Peer 1: 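One structure, pasted below without further comment.
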Amino acid sequence: MRIVKALKYGATWQKDWNARVTHIIVDRGMNYNQVTAFLKLQVLPNNMIMVGEGYPADCIAYRMLVDPTQQRYQVAGYIKPAVPFAVDPAAREVAPSASSFSLQLKQARRAGTRREPQTPSRTEEAASTPPTLETVRRAPRSENHAWERTGDLIQQDSDELDAAIRQAKELQHLPLEFHKQDEDSRPSSPAGDEEDDEVEHVSKKAKMPPNPAWQDRFQCMQKHTSSDSLTNPNAATIAVLQEMCDHYAAMRDEWRSTAYRRAIASLCKENTVRVVTKEDAQKLPFVGERLAEKIEEIAFTNRLRCLDNARLEPNDHVLQTFLKIHGVGFAQASRWVSQGYRSLEDLLAKANLSENQKVGIARFDDFNARMPRAEVEEHAAVVRDVLHRIDATFQIHIMGSYRRGAESSADIDLIITRPSTSISQIRTVIIDTVVPKLFNSGFLKATLAATSRANGTKWHGASCLPTSKTWRRIDFLLVPESELGAAMIYFTGNDIFNRSMRLLASKKGMRLNQRGLYKDVMRGDGRPCSRGEKLTEGTPVAGSDEKKIFEALGVPWRPPHHRIC
DNA sequence: GCCCATTGTCC
DNA sequence: GGACAG
DNA sequence: GGGC
């Protein structure tokens, strides 16, 4: 990552030891002797600049070549050559012969995100002492170079280097290693968390008052709408955190991204006062020390330095495109990228694709488009017509974002059920009759995941209205009456709300899935309610009625449009 | 140092 | 059994 | 990244 970044700002990267080399950037953890041994040198040539790994980052931050002789860039074991030559003005030019190669720091290409150079994004310590070239004192560049004296050009060990490059490329989607030092450099302050202690006490004593405090931090306990966004005094902070969240999501750092999402949710709830200090921020659930510092930084400076850095990350548009193909996840997308495929056309021509992926590519634009509510209803009506022509007691419920009240939806989620009818009977009708009929009428266009005859409950595919040519993703969930409530919770979502409900259930020794709520679940690690593989399925508590499931879980009822987390 | 939801289907 | 989806 |  550091190499890629430095290249973007105008550095050149020499893969062998040659006359163009001006700086040697040494990884933290390596010392001077290791470097010279690796380069097969007795001693570093006087004209060579050897600095620690933080140097390029600082140069980028300050938009200049900072003084490489500063203490913070010193490599362990390196004794600065006793230079002080008579300071000849000409000699103060930076490496004249080399500068023409690489030493002009250039602007990053993405111009939109840049700002004034005098506010470098570093810690206070660094910011207060902008390094300056004026202090640089070095010997004039010698004519006979060290590598010439040592005889042969060094046969660079390109295997090792290649391995490092491959590794760097593989690591580039991962967390922002680059910013670690930024975040760690701040001394942590003792934070007041007495409130939290009390919360823990309650749960540890295993007393279960009607609504113990420890439950309050679950997403499903709070009502959330999309509406209360612009009135929140923390809206600006939330927006910045959201962008970080999106960034980590794009990097496929699931846990960091959900951490941000949870913190954002807490901040959304705090809609009366503006959270400014990190002490206050840390009192919010899901906000720890580091997020609290970030919130404070945003409140004071209206921006976040590590987000500025994140924006510079080369986001791989090819990867992002591949990820939008139905049936393609991060594993496959990165495999294709590393195989050199650069476009959907490449994939069609060269990659071997699963059937679903073929559909996903052929209907790439269709599946990535959203449809208005009215169209969702039309699709459901087509299915309902066919179903009712067979048996009018079948019921269809439109679920998903539609039920949550969204103005547009990415797909159509339908629950199909019928009173006093077993799941296998429902399945037979749907798979043997309804689906074939819908294919014949031209409504259904493709099957992406068909339910197995034995015990399946879902059917995924694509549908298209006669008045349109855009294929839509459509899902059927086949549900017996006795499980309708649980299925509705499951299929209404959103995903965060579901996970929160299920997590809460497991904390209470129960289990929630699309079939029902179960109690007395024993899990493998001996602790009945926290985690681990379950040993017993548990006994059913509720399933047919959404409200009863909420009730049994101790969650205040929330209509679908308040389940947006 | 581990967990962070759970299940069905595809391959 | 991992990847992917919902 | 937070909670335990």
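Every chain is numbered from 1, with letters handed out A, B, ... down the list of sequences. Source: prediction; values computed, not measured.
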Peer 1: Send over the distance from A:Phe330 CZ to C:dC4 P, rounded to a whole Å.
Peer 2: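 A:Phe330 atom CZ is separated from C:dC4 atom P by 10 Å.
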
Peer 1: Run A:Lys283 and A:Asp280 through salt bridge (Lys or Arg N to Asp or Glu O under 4.0 Å) and show every step you take.
Peer 2: CA-CA 5 Å; A:Lys283 290 173 186 168; A:Asp280 286 344; 3.5 Å; yes

Peer 1: Send over the distance from A:Ile325 CD1 to B:dC10 P, rounded to a whole Å.
Peer 2: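 Atom-to-atom, A:Ile325 to B:dC10, this comes out as 19 Å.
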
Peer 1: For a quick check of understanding: with a heavy-atom distance under 4.0 Å over all strands, which category does A:Ala263 fall into, base, sugar-phosphate or nothing?
Peer 2: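 No contact.
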
Peer 1: Thinking salt bridges, do A:Lys358 and A:Glu355 make one under a 4.0 Å N-O criterion?
Peer 2: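 Salt bridge flag = yes for A:Glu355 with A:Lys358.
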
Peer 1: Report the distance from atom CD of A:Glu254 to atom C1' of D:dG2, rounded to the nearest whole Å.
Peer 2: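 Checked: the CD to C1' distance equals 16 Å.
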
Peer 1: For the C1' atoms, the ones on B:dT7 and on D:dG2, what distance do you get once it is rounded to whole angstrom?
Peer 2: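 26 Å, rounded to whole Å.
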
Peer 1: Examine the base of D:dG1 for any acceptor or donor lying under 3.5 Å from a partner atom in the side chain of A:Tyr248, and report the outcome as yes or no.
Peer 2: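 Not at all, since no donor on one side and acceptor on the other fall under 3.5 Å apart.
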
Peer 1: Between A:Arg261 and D:dG2, does any side-chain N or O lie under 4.0 Å from OP1 or OP2?
Peer 2: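 Checking A:Arg261 against D:dG2: no side-chain N or O falls below 4.0 Å of OP1 or OP2.
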
Peer 1: With respect to A:Ile489, which candidate in A:Gln514, A:Glu546, A:Arg502, A:Arg558 satisfies the side chain to side chain contact (heavy atoms under 4.5 Å, CB included) definition?
Peer 2: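 Among A:Gln514, A:Glu546, A:Arg502, A:Arg558, the one that satisfies the side chain to side chain contact (heavy atoms under 4.5 Å, CB included) with A:Ile489 is A:Glu546.
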
Peer 1: Within this structure, what is the NZ-to-P distance between A:Lys507 and B:dC4, rounded to whole angstrom?
Peer 2: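 Value for this atom pair: 8 Å.
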
Peer 1: Quick one: is B:dA5 close enough that its OP1 or OP2 comes under 4.0 Å of any side-chain N or O from A:Arg499?
Peer 2: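 Result: yes.
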
Peer 1: Taking the side chain of A:Trp255 as heavy atoms from C-beta outward, which of B:dC11, C:dA5, B:dA5 is closest to it?
Peer 2: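 For A:Trp255, the side-chain atoms sit closest to B:dA5.
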
Peer 1: Could you give the CG-to-C1' distance, from A:Leu512 to B:dT7, as a whole number of Å?
Peer 2: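 It is 12 Å, rounded to the nearest whole Å.
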
Peer 1: Rounded to the Å, how far apart are A:His326 NE2 and B:dC10 C1'?
Peer 2: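 Atom NE2 in A:His326 sits about 10 Å away from atom C1' in B:dC10.
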
Peer 1: Under the ring pair (Phe, Tyr, Trp, His ring centres under 6.0 Å) rule, what pairs show up with a residue in residues 365-384 of chain A, not counting sequence neighbours?
Peer 2: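 For residues 365-384 of chain A: A:His379-A:Phe443.
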
Peer 1: Quick check on D:dG1: is either OP1 or OP2 less than 4.0 Å from any side-chain nitrogen or oxygen of A:Arg290?
Peer 2: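 True: A:Arg290 side-chain N/O within range (under 4.0 Å) of D:dG1 OP1/OP2.
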
Peer 1: Hey, does the side chain of A:Lys294 come within less than 4.0 Å of D:dG1's phosphate (OP1/OP2), counting only N and O?
Peer 2: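 Yes, A:Lys294 has a side-chain N/O under 4.0 Å of OP1/OP2 on D:dG1.
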
Peer 1: Can you figure out which of C:dC4, D:dG1, B:dG8 approaches the side chain of A:Gln514 most closely?
Peer 2: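 That would be B:dG8.
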
Peer 1: Does anything in residues 481-496 of chain A form a side chain to side chain donor-acceptor pair (under 3.5 Å)? List the pairs, not counting sequence neighbours.
Peer 2: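 Found A:Arg403-A:Thr492.
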
Peer 1: Please determine if a side-chain N or O atom of A:Asn513 lies less than 4.0 Å away from the OP1 or OP2 oxygen of B:dT7.
Peer 2: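 Looking at the OP1 and OP2 atoms of B:dT7, one of them is under 4.0 Å from a side-chain N or O of A:Asn513.
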
Peer 1: Which nucleotide in the list C:dG6, B:dC4, C:dA3 gets nearest to the side chain of A:Arg262?
Peer 2: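 Of the candidates, B:dC4 comes closest.
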
Peer 1: Please give the distance between the C1' atoms of B:dA5 and C:dA5 as a whole number of Å.
Peer 2: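 Nearest-Å result for B:dA5 against C:dA5 at atom C1': 14 Å.
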
Peer 1: Once you round it to whole Å, what is the distance between C1' of B:dA5 and CE of A:Met510?
Peer 2: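 Going from CE in A:Met510 over to C1' in B:dA5 covers 15 Å.
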
Peer 1: Let me know the distance between CZ of A:Phe476 and P of B:dG8, rounded to the nearest Å.
Peer 2: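 So the CZ-P distance, A:Phe476 to B:dG8, works out to 20 Å.
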
Peer 1: Determine, step by step, whether A:Asp346 and A:Arg342 satisfy the salt bridge (Lys or Arg N to Asp or Glu O under 4.0 Å) criterion, reporting the C-alpha distance in whole Å, the side-chain angles of both residues, the deciding distance to 0.1 Å, and the verdict.
Peer 2: CA-CA 6 Å; A:Asp346 280 357; A:Arg342 313 305 298 168; over 6 Å; no

Peer 1: Quantified in whole Å, what is the C1' atom distance between nucleotide C:dA3 and nucleotide B:dT6?
Peer 2: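 Roughly 16 Å separates the two C1' atoms.
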
Peer 1: Looking at B:dT7, C:dC4, B:dC10, which one has an atom nearest to any side-chain atom of A:Ala331?
Peer 2: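 When the side chain of A:Ala331 is considered, C:dC4 is the closest of B:dT7, C:dC4, B:dC10.
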
Peer 1: Give a yes/no answer on whether the side chain of A:Thr451 brings an N or O atom under 4.0 Å of OP1 or OP2 in B:dT9.
Peer 2: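 Looking at the OP1 and OP2 atoms of B:dT9, one of them is under 4.0 Å from a side-chain N or O of A:Thr451.
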
Peer 1: OP1 or OP2 of B:dG8 less than 4.0 angstrom from a side-chain nitrogen or oxygen of A:Arg515, does that happen here?
Peer 2: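 Yes.
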
Peer 1: Classify the nucleic acid contact of A:Tyr490 as base, sugar-phosphate or nothing, counting any heavy atom under 4.0 Å across all strands shown.
Peer 2: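 Answer is base: heavy atoms of A:Tyr490 come under 4.0 Å of a base.
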
